[in-house]
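Note that these values count all heavy atoms, side chains included, but never hydrogens, waters or copies made by symmetry. Throughout, a chain's letter reflects where its sequence line sits, starting with A, and its residues are numbered from 1.
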Amino acid sequence: MEHYYDPQNIERDAQAFWTDHRSFAARDTLEGEKFYCLSMFPYPSGKLHMGHVRNYSISDAIARYQRMLGKNVLHPMGWDAFGLPAENAAIANKTAPAKWTYSNIGHMREQLKALGFSFDWERELATCTPEYYRWEQWFFTRLYEKGLVYKKMATVNWDPVDQTVLANEQVIDGRGWRSGALIERREIPQWFIRITAYAEELLNDLDKLEGWPDAVRTMQRNWIGKSRGVELAFGLEQVIAGQERIEVYTTRPDTLYGVTYVSLAAEHPISLALAADKPELAQFIKDCKLSSVAEADMAQAEKRGMDTGLRCIHPLTGEQVPVWVANYVLMDYGSGAVMAVPAHDERDYEFACKYDLPIKTVICDEQGQPADVTESAYTDKGALTASGDFDGLGFDEAFERIAARLEELGAGKITTQYRLRDWGVSRQRYWGTPIPMLNLPDGGEIPIPADRLPSLLPEDVIMDGVASPIKADPQWRKFDLDGQACERETDTFDTFVQSSWYYARFTCPEFADGMLDKEQADYWLPVDQYVGGIEHAILHLLYARFFHKLMRDEGLLSSDEPFTRLLTQGMVLKDGAKMSKSKGNTVDPQSLIDSHGADTVRLFSLFAAPPDQSLEWSEDGVEGAHRFVKRLWRLAHEHTDKGPAPGLDTGALGDAERDVRRKIHETIAKVSDDMGRRQTFNTAIAAIMELCNELGRLPGDSPQSRAVLQEGLDAVVRMLVPIVPHICHHLWGLLSGDGDVSYAPWPSVDETALVRDSLEIVVQVNGKVRARMEVPADADKDALETAALAQENAQRFMEGKTVRKVIVVPGKLVNIVVG
RNA sequence: GCCGGUGUGGUGGAAUUGGUAGACACGUUGGAUUCAAAAUCCAAUGCCCUUAAAGCGUGCCGGUUCGAGUCCGGCCACCGGUACCA
């Protein structure tokens with residue numbers, strides 16, 4: 001026997017075998033049952049981190065399991081290669097983003113190969129190549145033609161010192177991360193895709209996604225935020241900024257009589273018009289703009305406001321209502337104005353208390369009395385009060401009658417609104433897909449014609465840290481359109497655009513005649529299993545669902561949803577915190593691969609926690625995983641060193657052998673369920689460990705003992721292929737398995753091996769365990785009850801008491817209720 | 001702030017449909033082996049208690065039930081997202 005487990009050799013040999021045999025190339029013949037298993041592709045940041053290792057260990061386990069079930073498996077890998085970090089690295093290292101990115105890709109590809117993931121490397125793609133992004137540009141021009149794309153003013157973080165737009169994460173405590181300057185909100189023209197046109201379908205189709213975690217579906221549902229409400233207007237006595245009235249939207253028209261003021265966003269046209277001759281208001285508006293655009297910052301900022309002095313007219317009472325400007329009202333949402341009902345809305349309540357504005361109760365509590373709002377707002381629904389003709393009505397009737405009254409008066413109507421906003425895709429950055437639009441000399445814009453695509457991003461550039469190289473280069477902007485001099489758009493796409501369709505391009509990465517080869521796309525799509533971090537639950541997954549529907553409506557594919565089943569993996573923690581360079585708590589996968597082998601790293605990643613929970617990294621845990629792999633190696637070698645095992649004769653087994661054989665088949669049943677339905681690889685591994693412990697305890701070298709051990713090891717090796725494929729490749733050959741173990745059939749359960757003669761049943765008295773008893777497996781309820789009542793220790797607790805009830809759960813327990 | 005999630009021994013976790021809390025692994029302790037150590041193997045290991053029995057025990061408070069880690073109500077802490085990080 002070879003004397004020790006040597007992962008380096010075993011893993012090198014297995015990987016060479018897979019490469020030589022093209023083991024993981026998906027068949028593109030469109031035949032057979034397919035399984036498309038996809039993990040979220042990485043941003044090529046430099047080297048793999050533990051989050052990647054975990055993500056790909058999970059998807060590889062699923063892909064390999066499906067191969068063993070006989071499916072034609074597509075398990076591709078590529079690179080989400082555009083993005084902000086490349087620009088930062090380029091400035092820091094004085095290299096071009098392209099060079100840095102391609103070099104990172106090269107290194108990370110080798111690391112992924114060293115981990116033995118069964119990716120189909122023949123389909124690799126990187127989103128920063130023109131072969132990829134040209135189709136994204138083409139698709140955007142198609143959306144433009146269909147009216148699904150438009151340009152409007154939108155808010156960004158402006159760094160007044162660096163004269164540049166910052167991402168939200170580049171704004172720290174309201175200041176630019178490089179300049180330290182106070183950031184201000186600024187409006188610039190940007191391109192948008194009309195995701196709101198698909199809001200209803202995106203919402204309704206969530207019900208079809210039964211293979212998605214409920215948490216993700218709920219989050220998306222809330223994000224889309226469909227609501228039924230009333231759009232209404234407060235009149236103005238004179239026209240201001242071209243407006244005769246202030247439009248607001250409310251889901252609580254039943255509280256309309258409780259309105260005590262109206263709030264405008266700082267950027268609202270009326271606010272700006274009033275500020276023209278009110279210096280203190282102008283100053284307040286200026287102050288309001290000193291904050292990042294991030295919702296989390298805005299919502300937690302202290303609520304501030306200022307009375308404009310303007311009064312508007314309540315549409316039902318005709319009373320005058322003061323108009324305020326408030327920093328918590330956002331111009332980008334709805335109409336940029338809200339009606340404030342402090343008695344029945346928490347934010348308005350806080351604001352009214354601060355500025356001593358009136359609070360008027362118009363809803364009754366559960367006792368039918370006007371709600372008490374001396375301590376806090378009353379936000380429950382209830383009967384109306386102090387609401388004119390509408391007193392006493394419940395929410396539903398009040399909603400309808402008030403809406404009808406507003407409609408009669410021409411002051412409002414019932415509408416459906418979505419919280420979801422159109423997708424702003426413009427970025428004022430260099431390292432991204434150039435937006436394929438042309439600015440015409442007369443001010444309009446048109447798409448770059450399809451035959452002039454791609455609009456190439458120059459790769460050989462120098463980053464100075466301020467201006468985008470394509471914005472700084474007047475030559476790049478020049479575009480001759482049939483003799484007409486135009487200018488290219490110098491903004492680039494949001495990187496979410498690339499990640500919204502890469503899963504589809506993997507079905508035909510080389511296709512040169514279009515965005516997708518429909519035949520391939522329709523065979524492979526939808527993705528059967530998608531695996532990635534929970535942090536993508538809303539944005540990436542919603543944009544990808546949206547793009548799928550856009551591609552469907554363009555006739556590029558036929559399905560309605562991109563991902564049938566979704567697994568959102570948890571984060572990898574060290575000492576209870578997310579691994580990060582700044583915290584200094586990172587663990588480098590490479591050094592572990594070098595010291596313990598890829599199998600150990602994969603095993604620990606899958607064993608330490610269920611995939612959807614966070615995983616606490618532990619050096620000791622890695623050692624434990626390594627020990628198990630070594631034990632397995634030794635168990636198999638000690639067995640095969642004794643020569644070939646005799647054939648199994650199930651009629652000739654002793655009790656101990658029958659027990660072990662039952663364990664083998666119980667384990668196959670459990671592991672199959674854990675791998676397939678439950679996707680709890682940690683419990684699958686624990687069950688296999690238990691089986692190995694029992695196999696190690698098999699008594700003696702009798703022929704039937706050896707035959708059972710052979711059967712057990714064969715099953716263990718097959719079940720571990722998805723988890724520790726290298727050692728299984730090695731052991732499979734050793735146990736004289738035929739062919740490539742990557743395609744060995746998944747083991748099946750022998751039902752006859754599962755039969756039991758007797759079971760252990762728990763006896764409880766008043767719900768507490770007082771005895772255990774061994775009973776025949778086929779004992780009926782009466783027999784269980786009789787046997788339980790006869791238990792000595794149970795009787796001790798029944799003494800002097802009356803048996804009220806006996807509950808029998810066959811196969812589990814008997815509970816004797818006494819009192 | 002808002003939306004979603006998580007909380008179980010010294011540690012990571014298990015308990016799948018309301019039915020034996022702590023599987024599996026780590027750590028620790030004791031033993032075997034060894035000149036010695038490493039490695040390996042065996043045993044013990046929730047808390048309280050000298051042992052056994054009993055009692056206690058799944059973030060906190062309360063409820064439903066014969067029975068609650070699991071269901072319901074109210075809190076607390078931490079994590080993810082919050083539309084320009086990916």
Original post:
Just by modelled atom types, is the A:L606 backbone N or O under 3.5 Å from a matching donor or acceptor in the A:N682 side chain?
Top reply: no
Subject >> Gap in Å between the two P atoms, one belonging to B:C85 and one to B:C76, rounded >> reply: 30 Å
Subject >> A:L84 side-chain proximity, nearest of B:G13, B:C84, B:A86 >> reply: B:A86
Original post:
Checking only heavy atoms, does the side chain of A:D620 share a donor-acceptor pair with the base of B:C26 at less than 3.5 Å?
Top reply: no
Original post:
Is there a donor on the side chain of A:E623 or the base of B:C26 sitting less than 3.5 Å from an acceptor on the other?
Top reply: no
Original post:
Would you call the rings of A:H626 and A:H596 parallel, tilted or perpendicular if under 30° counts as parallel and over 60° as perpendicular?
Top reply: perpendicular
Original post:
Any sub-3.5 Å donor-acceptor pair from A:S426's side-chain atoms to A:W191's backbone N or O?
Top reply: yes
Original post:
RNA chain B: A:K812 or A:A215, which has the more 5' nearest nucleotide?
Top reply: A:A215
Original post:
Does A:E295 come within less than 4.0 Å of A:R419, counting only side-chain N to carboxylate O?
Top reply: yes
**OP:** Please state the P separation for the pair B:G57 and B:A68 - nearest whole angstrom.
**Re:** 11 Å
**OP:** Ignoring hydrogens and angles, answer whether the base of B:G1 and the side-chain atoms of A:E295 contain a donor-acceptor pair closer than 3.5 Å.
**Re:** yes
**OP:** Remember a base hit wins even if backbone is also touched, and classify A:R627 as base, sugar-phosphate or nothing at under 4.0 Å, heavy atoms.
**Re:** sugar-phosphate
Subject >> Pair A:R756 + A:E666, salt bridge at N-O below 4.0 Å >> reply: yes
**OP:** Rounded to the nearest angstrom, tell me the gap between atom CD1 in A:I685 and atom C1' in B:A25.
**Re:** 11 Å
**OP:** Consider the side chain of A:L420, meaning its heavy atoms from C-beta on, and name the nucleotide among B:A83, B:U82, B:C84 that approaches it most closely.
**Re:** B:A83
Original post:
With both distances kept under 3.5 Å, what pairs with B:G55, Watson-Crick or G-U wobble?
Top reply: B:C47
**OP:** Using atom CD of A:E366 as one end and atom C1' of B:G73 as the other, report the distance to the nearest whole Å.
**Re:** 13 Å
Original post:
Contact class for A:P42 vs. all strands (heavy atom < 4.0 Å): base, sugar-phosphate, or nothing?
Top reply: nothing
Original post:
Side chain of A:Q300, base of B:C2: donor and acceptor closer than 3.5 Å?
Top reply: no
Original post:
How far does the C1' atom of B:U8 sit from the matching atom of B:A21, given to the nearest Å?
Top reply: 8 Å
Original post:
Are the ring centres of A:F604 and A:W617 closer than 6.0 Å?
Top reply: yes
Original post:
Taking atom types as they are modelled, is there a donor-acceptor pair under 3.5 Å from the base of B:U16 to the side chain of A:R677?
Top reply: yes
Subject >> Spacing of A:N88 atom CG relative to B:A86 atom C1', expressed in whole Å >> reply: 13 Å
**OP:** Taking syn as within 90° of 0 and anti otherwise, name the glycosidic form of B:G9.
**Re:** syn
Subject >> P-based separation of B:A36 from B:G27 [nearest Å] >> reply: 23 Å
Subject >> A:W79 ring center near A:Y502 ring center (under 6.0 Å) >> reply: no
Original post:
Contact class for A:V817 vs. all strands (heavy atom < 4.0 Å): base, sugar-phosphate, or nothing?
Top reply: sugar-phosphate
**OP:** Would you classify A:H536 as touching base, sugar-phosphate or nothing, given that sugar-phosphate means primed atoms plus P, OP1 and OP2, and contacts are heavy atoms under 4.0 Å?
**Re:** base
**OP:** Choose from B:A86, B:C66, B:A15 the nucleotide whose nearest atom is closest to any side-chain atom of A:R678.
**Re:** B:A15
Original post:
Atom CD1 of A:I816 and atom P of B:U20: how far apart are they, to the nearest Å?
Top reply: 16 Å
**OP:** Determine the Euclidean distance between corresponding P atoms of B:G22 and B:A53; express it in Å to zero decimal places.
**Re:** 15 Å
Subject >> Interatomic distance, A:R697 CZ vs B:C41 P [rounded to whole Å] >> reply: 12 Å
Subject >> Phosphate OP1/OP2 of B:C41 contacted by A:R631 side-chain N/O (<4.0 Å) >> reply: yes
Original post:
Across the strands shown, which category fits A:V769 at heavy-atom distances under 4.0 angstrom: base, sugar-phosphate, nothing?
Top reply: sugar-phosphate
Original post:
What nucleic acid atoms does A:S426 come within less than 4.0 Å of, heavy atoms only: base, sugar-phosphate, or nothing?
Top reply: base
**OP:** Could you check whether A:F496 gets within reach of a base, just the sugar-phosphate, or nothing at all, counting any heavy atom under 4.0 Å?
**Re:** base
**OP:** Scan A:T218 against the nucleic acid and name what it touches under 4.0 Å (heavy atoms): base, sugar-phosphate only, or nothing.
**Re:** sugar-phosphate
Subject >> Whole-Å P distance, B:A83 and B:U16 >> reply: 39 Å
Original post:
Partner of B:G4 by Watson-Crick or G-U wobble geometry, both contacts under 3.5 Å, or none?
Top reply: B:C79
Original post:
With both distances under 3.5 Å as the test, what is the Watson-Crick or G-U wobble partner of B:U11?
Top reply: B:A25
Original post:
Closer to the 5' end of RNA chain B via nearest nucleotide, is it A:D214 or A:A608?
Top reply: A:D214
Subject >> A:F607, nearest nucleotide to its side chain (from B:C84, B:G19, B:G12) >> reply: B:G12
Original post:
Taking only N and O in the side chain of A:N693, is any of them less than 4.0 Å away from OP1 or OP2 of B:A25?
Top reply: yes
Subject >> Nucleotide of B:G55, B:C41, B:A15 approaching A:R770 most closely (side-chain heavy atoms) >> reply: B:G55
Original post:
Under 6.0 Å from the NZ atom of A:K151, do we count more than 12 heavy atoms belonging to anything else shown?
Top reply: yes
**OP:** Describe the nucleic acid contact of A:R221 in one word from base, sugar-phosphate, nothing, applying a heavy-atom distance below 4.0 Å.
**Re:** nothing
Original post:
Charged N to carboxylate O below 4.0 Å: is that the case for A:K670 and A:D673?
Top reply: no
**OP:** State plainly whether the residues A:D491 and A:K471 are in salt-bridge range, i.e. N to O under 4.0 Å.
**Re:** yes
Original post:
Between B:A86, B:A25, B:C84, which nucleotide has the shortest distance from any of its atoms to the side chain of A:T495?
Top reply: B:A86
**OP:** Just compare B:A86, B:G4, B:A14 and give me whichever is closest to any side-chain atom of A:M219.
**Re:** B:G4
Original post:
What does A:E690 touch in the nucleic acid at a heavy-atom separation under 4.0 angstrom: a base, only the sugar-phosphate, or nothing?
Top reply: sugar-phosphate
Original post:
Just checking A:M298: base, sugar-phosphate only, or nothing, at a heavy-atom cut-off of under 4.0 Å?
Top reply: nothing
**OP:** Using the C1' atoms only, state how far B:A52 lies from B:C48, rounded to an integer number of Å.
**Re:** 14 Å
**OP:** Please evaluate the base of B:U20 for a donor-acceptor partner in the side chain of A:K768 within a cut-off of under 3.5 Å?
**Re:** no
**OP:** Tell me whether the OP1 or OP2 atom of B:A83 has a side-chain N or O from A:N168 closer than 4.0 Å.
**Re:** yes
Original post:
Given B:A83, B:G19, B:U40, which nucleotide is nearest the side-chain atoms of A:I807?
Top reply: B:G19
Original post:
B:C35 and B:G46: how far apart are their C1' atoms, nearest whole angstrom?
Top reply: 41 Å
Subject >> Nearest-angstrom distance from the residue atom CH2 of A:W223 to P of B:C2 >> reply: 16 Å
Original post:
Base, sugar-phosphate, or nothing: which does A:V156 touch, judged by heavy atoms less than 4.0 Å apart?
Top reply: base
Subject >> Whole angstrom value for the distance that separates P of B:C26 from CG of A:L603 >> reply: 11 Å
Original post:
Contact class for A:E619 vs. all strands (heavy atom < 4.0 Å): base, sugar-phosphate, or nothing?
Top reply: nothing
Original post:
Within the structure shown, what part of the strands sits under 4.0 Å from A:V806 by heavy-atom distance: base, sugar-phosphate, or nothing?
Top reply: nothing
Subject >> Distance test, side-chain N/O of A:N222 to OP1/OP2 of B:G4, below 4.0 Å >> reply: yes
**OP:** Round to a whole Å and report the spacing from CZ of A:R347 to C1' of B:C2.
**Re:** 9 Å
